[in-house]
Amino acid sequence: MGLGVFIIMIAVGAILTFASDWELEAVDLDLVGLILMAVGILGTAVYTSVLRRRRMVVPPVAPTVTEDRRDLL
């Protein structure tokens, strides 16, 4: 799943919780919306932490330079 899926889950959850007035007998849509928003927020946090860890760049180690003091004749 990508970051877009988690953002869509947050949006759908918010719509179900705050913008809909549908009534289903066996399903509480407000609770389903809250669960979708919570999963979307947690998924976004986990995805961004993994992405940040994957993109961390370690600077290369500079090679050690030694001078050769021998005179070349």
Side-chain angles (χ1 to χ4, degrees):
M1 284 202 260
L3 186 61
V5 174
F6 295 123
I7 293 173
I8 289 172
M9 288 176 75
I10 295 170
V12 170
I15 289 170
L16 285 177
T17 301
F18 302 117
S20 69
D21 58 353
W22 299 329
E23 299 272 337
L24 294 178
E25 210 171 294
V27 179
D28 185 10
L29 290 180
D30 290 337
L31 183 61
V32 171
L34 289 174
I35 291 170
L36 280 174
M37 286 191 295
V39 170
I41 290 170
L42 287 173
T44 303
V46 169
Y47 184 82
T48 55
S49 69
V50 168
L51 184 67
R52 181 179 47 193
R53 198 174 313 141
R54 190 181 310 159
R55 288 189 180 182
M56 190 181 325
V57 177
V58 178
V61 177
T64 305
V65 177
T66 57
E67 291 186 24
D68 192 11
R69 297 248 182 217
R70 290 183 268 164
D71 290 330
L72 299 173
L73 294 176

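Computed over heavy atoms, backbone and side chain alike; hydrogens, waters and symmetry mates excluded. Worth saying up front: this structure is predicted, and the values here are computed from it rather than measured.
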Donor-acceptor pairs under 3.5 Å, side chain of residues 12-25 to any protein atom, not counting sequence neighbours: which ones?
from, atom 1, to, atom 2, distance (Å)
Thr17, OG1, Gly13, O, 2.9
Thr17, OG1, Asp30, O, 3.4
Thr17, OG1, Leu34, N, 3.3
Ser20, OG, Leu16, O, 2.8

*Heavy-atom pair with the smallest gap, counting every atom of Ala45 and Thr48*: O-OG1, 3.0 Å
*Over all atoms of both residues, closest heavy-atom pair of Phe6 and Thr44*: CB-OG1, 3.4 Å
*Roughly how far, to the nearest 0.5 Å, is the CG atom of Leu36 from the CD1 atom of Ile8?*
12.0 Å
_Cluster overlap Ile7 with Leu42, hydrophobic side-chain contacts below 4.5 Å_ = no
*Joint cluster assignment, Met37 & Leu29, ILVMFWY side-chain distance < 4.5 Å*: no
_Connected-component partners of Ile41 among ILVMFWY, side-chain separation under 4.5 Å_ = Ile10
